[in-house]
Q: 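The structure that follows is given in the form of structure tokens.
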2 protein chains.
Amino acid sequence: MKVAEKHRAARQHILKAAWPLVGQRGFSAVGISQILEVAGIPKGSFYHYFESKEAFGEELLRIYVEEYVEKLDDILFKSEGNAADRIARYYRFWRDTQLDGQVGDKCLIVKLAAEVSDLSERMRSILEMGTATVIERLGKLIGTGQKEGSVGSPMEPDILAASVYQLWLGTTLMMKITHSSLPFDQAWLATKRLLEI
Amino acid sequence: MKVAEKHRAARQHILKAAWPLVGQRGFSAVGISQILEVAGIPKGSFYHYFESKEAFGEELLRIYVEEYVEKLDDILFKSEGNAADRIARYYRFWRDTQLDGQVGDKCLIVKLAAEVSDLSERMRSILEMGTATVIERLGKLIGTGQKEGSVGSPMEPDILAASVYQLWLGTTLMMKITHSSLPFDQAWLATKRLLEI
DNA sequence: AAGAAAATAGACGACTGGTCTAATTTTCCT
DNA sequence: AGGAAAATTAGACCAGTCGTCTATTTTCTT
């Protein structure tokens with residue numbers, strides 16, 4: 001294996017190891033030593049793989065967003081049924097990952113948004129691009145749904161998409177507070193009514 | 001001034017001083033020494049006012065929630081107009097505090113929910129009670145609106161209230177990410193459509 | 001007014017944080 | 001295979017954390 005490849009692989013390994021830790025305790029609260037311990041990599045090596053902890057955080061978010069958008073595209077554009085069906089599938093995916101998923105699978109955006117936005121401008125802007133992408137994809141699908149008739153609401157697709165996404169974000173936050181699935185179920189009823197699906 | 005009063009006043013003073021710090025950087029990231037420095041109280045005295053940092057955090061949230069619910073009741077139940085008007089007034093209040101408000105005024109629930117829910121069971125349960133109270137109040141008003149006709153949606157008031165609150169929570173989170181007022185405006189359009197006001 | 005009790009100041013300890021430099025190990029080319 | 005160059009790691013560093021502890025000041029009681 002080439003050196004550059006090993007280097008890249010080690011980076012990925014550290015990032016993946018950090019994922020569940022950061023997902024549970026946040027970015028600042030998790031120390032580099034803990035991450036490297038879990039990853040099985042000596043502490044002193046960190047700064048050979050990342051320039052700083054912040055650069056590390058940026059990379060973590062970048063990869064998270066990238067993989068998330070990939071999964072999202074699969075659900076929204078490469079699955080069966082009409083637009084309404086696909087949106088429902090996205091909702092179920094979101095709900096399931098929050099309720100049953102492993103700690104490492106839970107939404108890093110919800111976990112980190114409040115913390116990171118006031119901490120690092122660069123990390124904030126990665127989140128900004130990520131959320132904009134998700135809303136854009138969702139808006140596109142909602143537009144399709146309106147044309148084909150599976151989405152009844154006549155509101156601007158972008159507004160609907162942003163609102164639905166924000167509703168789900170807030171719902172996830174609420175679920176962190178209440179440890180209950182009720183917020184999800186209520187949000188879904190509201191989503192259906194809002195989109196008229 | 002009696003001793004007990006001075007003690008209480010000092011506690012309040014420390015809590016108020018901590019407010020903007022915690023609102024900007026979160027709970028764990030803010031050190032006790034920084035809080036006391038801002039409050040103008042020597043470091044060593046902290047543990048005469050609070051049992052621990054966590055007990056301090058609980059008190060901070062308790063007071064925040066208490067004052068918030070007071071303001072909310074003023075807006076929702078002691079102001080002019082029908083139910084729809086009062087909900088609109090609550091929306092404007094929320095929007096204004098997030099957009100123009102001082103750092104210390106911004107919503108501590110949004111800032112701390114993700115961090116604290118996985119950190120301290122007791123702090124989480126304070127947030128849980130707080131959010132439940134807000135939703136309960138909002139639900140009551142929505143019910144009134146339905147009876148008087150200013151709220152057109154026939155959905156359960158509780159579901160509507162929870163959904164609107166979650167939407168606004170998510171909107172605030174989104175606004176932290178994007179630094180734009182657009183999410184708020186979009187969310188308000190969606191709120192009006194959802195409630196049919 | 002004087003002694004007892006409570007409250008406070010400020011240093012201190014044990015620890016953890018991110019970061020950096022010097023030493024070690026590995027790689028690669030002659 | 002030998003030695004230079006590169007990649008990796010160990011260990012120390014200093015600043016900062018929470019929480020404790022004792023000496024001093026302030027307050028209350030009689």
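So that the names make sense, note that chain A is the first sequence line, chain B the second, and so on, each numbered from 1.
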Q: Rounded to whole angstrom units, what separation is found between the CZ atom of A:R11 and the P atom of D:dT8?
A: 12 Å
Q: Between atom CG in B:L36 and atom P in C:dA9, what is the gap in whole Å?
A: 10 Å
Q: For residues B:L15 and B:Y49, determine if any side-chain heavy atom of one lies less than 4.5 Å from a side-chain heavy atom of the other.
A: no
Q: Say whether B:Q146 and B:S153, considering side chains only, have a donor N or O and an acceptor N or O under 3.5 Å apart.
A: no
Q: Would one find a side-chain N or O of B:K43 under 4.0 angstrom from OP1 or OP2 of C:dG10?
A: no
Q: Salt bridge (Lys or Arg N to Asp or Glu O under 4.0 Å) for A:K176 and B:D118? Distances and angles first, verdict last.
A: CA-CA 8 Å; A:K176 277 187 165 299; B:D118 296 323; 3.1 Å; yes
Q: Any cation-pi pair here, A:K71 with A:Y90, using under 6.0 Å and within 45°?
A: no
Q: Taking CZ from B:F56 and P from D:dG19, how many angstroms apart are they, rounded to a whole number?
A: 12 Å
Q: Report the nucleotide, chosen from D:dT9, D:dG19, C:dT16, that has the shortest atom-to-atom distance to any side-chain atom of A:Q34.
A: C:dT16
Q: Rounded to whole Å, how long is the line connecting atom CZ of A:F50 with atom C1' of C:dC20?
A: 18 Å
Q: CD of A:E54 versus C1' of C:dG17: gap in Å, rounded?
A: 16 Å
Q: In whole angstroms, how far is the C1' atom of C:dT8 from the CD1 atom of B:I14?
A: 11 Å
Q: I'd like to check B:Q24 versus B:K111 (side-chain heavy atoms, cut-off strictly below 4.5 Å). Are they in contact?
A: no
Q: Any idea which of C:dA9, D:dC18, C:dG18 is nearest the B:P42 side chain?
A: C:dA9
Q: Compare side-chain N and O positions of A:Y49 against OP1 and OP2 of D:dA7 and report whether any pair is under 4.0 Å apart.
A: no
Q: Would you kindly compare A:A29 and A:G44 by the position of their nearest DNA chain C nucleotide and give the one closer to the 5′ end?
A: A:A29
Q: Determine: side-chain N/O of A:S33 to OP1/OP2 of C:dG17, distance under 4.0 Å, yes or no.
A: yes
Q: Please figure out whether A:V30 or B:H48 has its closest DNA chain C nucleotide nearer the 5' end.
A: B:H48
Q: So, does B:S45 get its side chain near the phosphate of C:dA7, meaning an N or O under 4.0 Å from OP1 or OP2?
A: no
Q: From CZ of A:F46 over to P of D:dG11, roughly how many Å is that when rounded to an integer?
A: 20 Å
Q: Starting at CD1 of A:I32 and ending at P of D:dG16, how long is that distance when rounded to a whole Å?
A: 17 Å
